[in-house]
Amino acid sequence: MRQLPARHGRSRSMGQTRGRINTISPGIIFTPLAKDELTGPRGEGYRRMIELSPAGRGGTPDEVGTVAALLMGPDGTFITGSDFLMDGGVTASYFYGELAPQ
């Protein structure tokens, strides 16, 4: 039997009280820590990921906040048990695009 993430089971039990559980999985978000990483030993790899992603850029904290506001606000009341991948398409590029391992 396939194991589902914990948010699925908890979202079901929380639903009885109209609670919602969702997660946000951000990629490279331009924070002070990310800026340090981009200039550190792995910086070249991170910059390549950004350049070859469909968005062609990293995200901002405000963009993550906008998704969080949707999920927590009245417009997100039908959304539960979901994960929102916010990586500018890096994951898709890794599996299907130029970032795919050779």
If you count every heavy atom of other residues, nucleotides or ligands that lies below 6.0 Å from Y94 atom OH, does the total exceed 12?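 For Y94, atom OH is not crowded (no more than 12 foreign heavy atoms under 6.0 Å).
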Point-to-point distance, once rounded to the nearest 0.5 Å, from [atom1] of [X] to [atom2] of [Y]:
{"X": "S93", "Y": "R48", "atom1": "OG", "atom2": "CZ", "value": "10.0 Å"}
{"X": "E37", "Y": "R47", "atom1": "CD", "atom2": "CZ", "value": "11.5 Å"}
{"X": "D87", "Y": "S25", "atom1": "CG", "atom2": "OG", "value": "9.0 Å"}

Just wondering, do P26 and F84 contact through their side chains at under 4.5 Å, heavy atoms?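 Side-chain contact under 4.5 Å: no.
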Side chain to side chain contact (heavy atoms under 4.5 Å, CB included) between I50 and L38, worked out: CA-CA 10 Å; I50 291 169; L38 289 168; 4.0 Å; yes
Main-chain N/O of G81 paired to N22 side chain as donor or acceptor, under 3.5 Å: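 Yes, because the side chain of N22 sits within donor-acceptor range (under 3.5 Å) of the backbone of G81.
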Answer with yes or no whether the hydrophobic clustering places [X] together with [Y]; edges join I, L, V, M, F, W, Y residues whose side-chain heavy atoms lie under 4.5 Å apart.
{"X": "I24", "Y": "I79", "answer": "yes"}
{"X": "I28", "Y": "M86", "answer": "no"}
{"X": "I29", "Y": "M49", "answer": "no"}

Run the side-chain hydrogen bond (donor to acceptor under 3.5 Å, both in side chains) test against T39 and tell me which residues pass, sequence neighbours left out.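 By the side-chain hydrogen bond (donor to acceptor under 3.5 Å, both in side chains) rule, T39 matches no residue at all.
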For residues 59-76, dump all side-chain donor-acceptor pairs below 3.5 Å to protein atoms at least two apart in sequence or in another chain.
| residue | atom | partner | partner atom | Å |
| --- | --- | --- | --- | --- |
| T60 | OG1 | E63 | N | 3.1 |
| T60 | OG1 | E63 | OE1 | 3.4 |
| E63 | OE1 | R57 | NH1 | 3.3 |
| E63 | OE1 | T60 | N | 2.9 |
| E63 | OE2 | R57 | NH1 | 3.4 |
| E63 | OE2 | R57 | NH2 | 2.6 |
| T66 | OG1 | D62 | O | 2.9 |

